[in-house]
Protein chains: 2
Amino acid sequence: MTRSSRKTARPVAFAADGHDHMSCIAEALQRAVALCESRGTQLTELRRRVLELVWSSHEPIGAYRILEQLDRPLPGQMRGKARRAAPPTVYRALDFLIEQGLVHRIESLNAFVGCDQPQATHAGQFMICGHCGVALELNDAGIANALASCATRLGFKVERPTIEVRGICPNCVRSGATQPAHAEHRHG
Amino acid sequence: MTRSSRKTARPVAFAADGHDHMSCIAEALQRAVALCESRGTQLTELRRRVLELVWSSHEPIGAYRILEQLDRPLPGQMRGKARRAAPPTVYRALDFLIEQGLVHRIESLNAFVGCDQPQATHAGQFMICGHCGVALELNDAGIANALASCATRLGFKVERPTIEVRGICPNCVRSGATQPAHAEHRHG
DNA sequence: CTGCGGTATGAAATAGTATAACATCTCGGA
DNA sequence: TCCGAGATGTTATACTATTTCATACCGCAG
């Protein structure tokens, strides 16, 4: 994992092409395994599978979409009488993953996205493209400082900052997208 | 969802005491009337009533709470067989109020709060107290600049920034509150 | 081995949030 | 008078999340 010289985390998601997502997933899972092992927490098969689904793209995914995918039998299994997993199953897995810092919740989308840097401090800053749906996590010191300074001035004790910036990502800007096209969402 | 001390005086907008909330509401409604008049938009009785309910405290209120209050007959009316208003009624009113900039949606709470400065630009920055539930809107240039500069660096075109900082407000910090006590919410 | 406790998952029901689709009403203007 | 636009009523449904109780699995003390 190369370190960018920027203050801002490397823009993985908005890096137009040259992004092998298969290895992107693989690396995320590898990091997760290592992290949980080092912490003595249990990354069970179910949780691993949910994490994999969350990482299936850089677009935040809803809990019920995960549920659907969970139901989909793996290649080689019969379609048969697959019992439908219940919501708590996926929500519990997500809770675990969030606790471990492996996944973030995107409040403005009621959806979940994988975290690049599960070890780092979690400021939780996201740039979310309304066109392609991709969410880029960043860790910008400038924003964090501005926030902290503002809070200090007010005497407010920060516990959990939520920063989710909706807009159009560089790729989509280049391709002339100004409209949703993503059909994504109500309040936007 | 258990309510915290519903009837106790509310610490308003972090401005410890000396806050006459009645006039706070009145002023907000006055501003709204003036604004809509100047724009030629219709602040109907229903919308005015919803706005009033949103302003009933500085704690963000859910759409269904508004609905309940809407059902409650005004003093002087008979309890009778009041027809229950349906969700779309309140959501539509909220949509209008949000469009007019009179109300903001707090994504992380699925709730709504009145806006102090309906005319000003809406950066949408909130400090939300997890103890007393109060949400303070602010318009901090430092935060806005940091965000803008970061977006520029990335080539990201900002459309709607969402900044919601969860924590403990000065009043509650002073009274030694470190725990929720507000029971408000799931993902916290 | 057996039972115990802790953690993880299964399963059913329900709570909470939001929208779709269509009907009706009202009011001003052609 | 009729039309059209905007606001609201009404019914149904979709989507998101949690509560509650039951069961399974695993490591370990007795």
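Source: prediction; values computed, not measured. Note: hydrogens, waters and symmetry copies are ignored here, and every other heavy atom, side chains too, is used.
- If you check dG9(D), dG10(C), dT11(D) against the side chain of Leu46(B), the one that comes closest is dG9(D).
- In terms of heavy atoms, Leu53(A) sits closest to Ile61(A) at O-CD1, 4.0 Å.
- Rounded to an integer number of Å, the gap from CG of Leu97(B) to P of dT8(D) is 10 Å.
- Side-chain atoms of Arg47(A) come within 3.5 Å of backbone N or O of Gln42(A) as a donor-acceptor pair.
- A donor and an acceptor atom sit less than 3.5 Å apart, one in the side chain of Tyr64(B) and one in the base of dA18(C).
- When distances are taken from the side chain of Ala63(B) to each of dT8(D), dT7(C), dA18(C), the shortest belongs to dA18(C).
- For Arg49(B) and dA7(D), the CZ to C1' distance is 16 Å, given to the nearest whole Å.
- Donor-acceptor pairing under 3.5 Å, judged by distance alone, is present between the side chain of Arg92(A) and the base of dG10(C).
- The distance from atom CD of Glu68(B) to atom P of dA15(C) is 13 Å, rounded to the nearest whole Å.
- The distance from atom CD of Gln100(B) to atom C1' of dG6(D) is 14 Å, rounded to the nearest whole Å.
- Between the CG atom of Leu94(B) and the C1' atom of dT8(D) there is a distance of 15 Å, given to the nearest Å.
- Between Asn110(B) and dA18(C) there is a side-chain polar atom (N or O) within less than 4.0 angstrom of OP1 or OP2.
- Residue Thr89(A) has its side chain nearest to dG10(C) when only dG10(C), dT9(C), dT10(D) are considered.
- Of all nucleotides listed (dT10(D), dA12(C), dA8(C)), dA12(C) comes nearest to the side chain of Pro88(A).
- Phe96(B) has its CZ atom 13 Å from the P atom of dG6(D), to the nearest Å.
- Taking Phe112(A) as the reference, nothing meets the ring-ring contact (aromatic ring centres under 6.0 Å, His included) condition, with sequence neighbours excluded.
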Walk me through it: do Val165(A) and Phe126(A) pass the test side-chain contact (heavy atoms from CB on, under 4.5 Å)?
-> CA-CA 6 Å; Val165(A) 183; Phe126(A) 296 91; over 6 Å; no
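- Each of dT11(D), dT18(D), dT8(D) was ranked by its minimum atom distance to the side chain of Pro87(A); first place goes to dT18(D).
- A straight line from CG of Leu67(A) to P of dT18(D) spans 14 Å, rounded to a whole angstrom.
- The Tyr91(A) side chain lies nearest to dT16(D) when the options are dA18(C), dT16(D), dG10(C).
- Considering only side-chain atoms of Gln42(A), the nucleotide from dA8(C), dA17(D), dT8(D) that sits closest is dA8(C).
- Using a 4.0 Å cut-off, some side-chain N or O of Arg105(B) falls inside it from OP1 or OP2 of dA18(C).
- Distance Ile66(B) CD1 to dG16(C) P: 16 Å, rounded to the nearest Å.
- Using bins of under 30°, 30° to 60° and over 60° for the plane-to-plane angle, the ring pair Tyr64(B)/Tyr91(B) lands in the perpendicular bin.
- Side-chain proximity of Arg65(B) to dT8(D), dT17(C), dA12(C): nearest is dT17(C).
- Residues passing the ring-ring contact (aromatic ring centres under 6.0 Å, His included) test with Phe96(B), sequence neighbours excluded: none.
- Out of dT11(D), dT8(D), dA17(D), the shortest distance to the side chain of Phe112(A) is found at dA17(D).
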